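To start, the structure under review is shown below, and the notes come after it.
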Amino acid sequence: MEEVTKEKKNLNFLEQIIEEDLANNTHGGTITVRFPPEPNGYLHIGHAKSICLNFGLAQNYGGKCNLRFDDTNPAKEDVEYVESIQEDVRWLGFQWADEPKYASDYFEELYQMAVKLIKDGKAYVDALTPDEVQAYRGTITEAGRPSPWRDRPIEESLSLFERMRNGEFEDGRYLLRAKIDMAHTNMFMRDPLLYRIRNIEHHRTGKKWAIYPLYDFAHGQCDYIEGITHSICTLEFIPHRPLYEWFLEQLADPTKIIPHQYEFARLNMTYTLMSKRKLLQLVQNKVVTGWDDPRMPTISGMRRRGYTAEGIRNFAERIGVAKRDNLIDISSLEFSIREDLNKKAIRFMGVLDPIKVIITNYPEAGGDLIIATNNPEDETMGKRLMKFSREIYIERDDFMEVPQKKYHRLAPGKEVRLRYAYYITCTDFVKDTDGQITEIHCTYDPETFGGQSEDNRKIPGTIHWVDAASAIDAEVRLYEPMFTDPTPEAYENEIEPKKFMHFLNPNSLTVIRAKVEPAVAESGREATFQFERKGYFCVDKDSTTENLVINRTVTLRDSYAKAQQK
RNA sequence: UGACCUAUGGUGUAAUUGGCAACACAACAGAUUUUGGUUCUGUAUUUCCAGGUUCGAGUCCUGGUAGGUCAACCA
């Protein structure tokens, strides 16, 4: 009993609405929702929130979720986007009901609905120019004036509308508008535009249509046609809702499912650009290599970078959904990614900034085979073998000539553990003329094979390493987070948004040559792995056998680095 | 200066609908650790303001204040 009441808590406002509707049998005891992107760009992390919300609601309440392309503006749309959107939704782990839907599937029905409005005296063909339309509409504080064509006879509008459809007029010559109220305090109710003339090819309907419906007329009617019960969109559509409802009042059969619109706050994230328009600009201006550039906040960019679908879904769940404007700290996303990767990622040895270590008392010929654990917290992930010999590489910052306090890695005279291998003690080091350390000399303790000693002496530091002879060179792309300016206004006003971006900052991309263990090259391009103490990485899709390319997925939470900063 | 929306720790989101303000991230401190990771424990920081109703208000009422959205033939 306790448990039941507990589960009823912590519902977000949409879940509360849906549970109430389900309880009242409002729509026959079921729900149908939809995710309705316009195919004019790739999906980004903001869309992921909406996808998880809509598909998640359908899943949790035994309903359906449609994927519907809102393709009513052919000037901006393309099949490339249609395909990438489907791929991204599927990759995120969701399946839409039936086939994908398109607003363009309903162009004929929409047209007939518009004809009905004209016949009912609720719509008319206008002949104002764009400037005139704007002037007649009034302003936020002043009422608009009726168009001189507002009372055009029904028969005349009907005939003109048909001729618009047939492509008899040039773009912009005529418009179809609803006849509502030019003095309404809500601008969207001042005789909204229904159809405009566009003599261009549509990516699905080709040259069949010369007129295309606008969002306000199309969206609600598409929802109605598909039997959507809950039409969930973002906050900026709130003022559209009265219009959404007006159209349904005129056109919908009240015995059928009447959809309702609900709004939630879109995702804003610190240091992250969430505007499709500006992301498109970055692609077009070749600031990035494409929509799936690992620096992009797109779903495809994050996928390429090694983010997991489950991590993104957990993030969406974690941030919740409400109606107030928000600015989510990006560390919350990174936490969700790490949390998932911590369970799934193999721990490989990789040395990003190599420095050679010679173990002077180790035999020159031969070597040891070392058994490494793929994931110490998950035995089922297995083990692998690594070579160990007299010459190895370690991370440059794992050695300090003069160790600072609390530094417990390698330093002259100090002993550390080479992970899975031996304890070594630094005896000497070599510097070049610039004072750069080029080589470290150590001795090893043969009694510590596997990284353990019988006397159980305390070894404060464990460092990782790769065998010099068998190591593979890799090009590692470090996408360093650049925290330049966290305010959302900054992105909006900045001409070059990359300056403010978490990863799009030009200084964020560092390419280095690293030494990695051979197994990394065989790990494939899907799996993300961890270089211990350096972060999570994944092999890039452009990687070749000659040139191993690795992207850094996300850094580790590193309190040592933070302590150093202070 | 019109209409609409929203105000809960640094950031998000809850609060059994009027009954002890909590969960996650971030921060800090400690323990464990063959990753300065993970895990575990702990600390600090919260109801926009002013009135009112009530035994009792984050929640209800009145009045303010702040932020957001809207004047594309975009969605």
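A note on names: the letters A, B, ... follow the listed sequences, proteins ahead of strands, and every chain is numbered from 1. All of these numbers come straight from a predicted model, not from anything done at the bench. Any value given below was found using the heavy atoms of this structure, including those in side chains, with hydrogens, waters and symmetry copies removed.
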Sugar-phosphate only, base, or nothing, as touched by [X] at under 4.0 Å among non-hydrogen atoms:
X: A:Thr139; answer: base
X: A:Arg533; answer: base
X: A:Tyr215; answer: base
X: A:Leu214; answer: sugar-phosphate
X: A:Arg241; answer: nothing
X: A:Leu175; answer: base
X: A:Glu38; answer: sugar-phosphate

For RNA chain B, just give me the dot-bracket, please: Watson-Crick or G-U, both distances below 3.5 Å, ( ) intra-strand, [ ] crossing earlier pairs, | paired with another strand, . unpaired.
.((((((..((((.....[..)))).(((((.......)))))....(((((..]....))))))))))).....
Examine [N]: is either OP1 or OP2 under 4.0 Å from a nitrogen or oxygen in the side chain of [X]? Give yes or no.
X: A:Arg196; N: B:A75; answer: yes
X: A:Gln16; N: B:A15; answer: yes
X: A:Arg266; N: B:G68; answer: no

Rounded to whole angstrom, note down the P distance from B:G10 over to B:U47.
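Rounded to whole Å, the distance is 9 Å.
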With a 3.5 Å cut-off and just heavy-atom distances, do the side chain of A:Gln530 and the base of B:U35 make a donor-acceptor pair?
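Donor-acceptor pair under 3.5 Å: yes.
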Hey, does the side-chain of A:Arg409 have a donor or acceptor N/O within less than 3.5 Å of a partner on the base of B:G36?
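Flag set: donor-acceptor pair detected.
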Under a 90° cut-off about 0 for the syn range, is B:U8 syn or anti?
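That one's anti.
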Base orientation of B:A24, syn vs anti, 90° cut from 0
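You should classify B:A24 as anti.
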Are side-chain N/O atoms of A:Asp78 and A:His203 paired as donor and acceptor at under 3.5 Å?
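Judged by distance alone, the side chains do not pair up.
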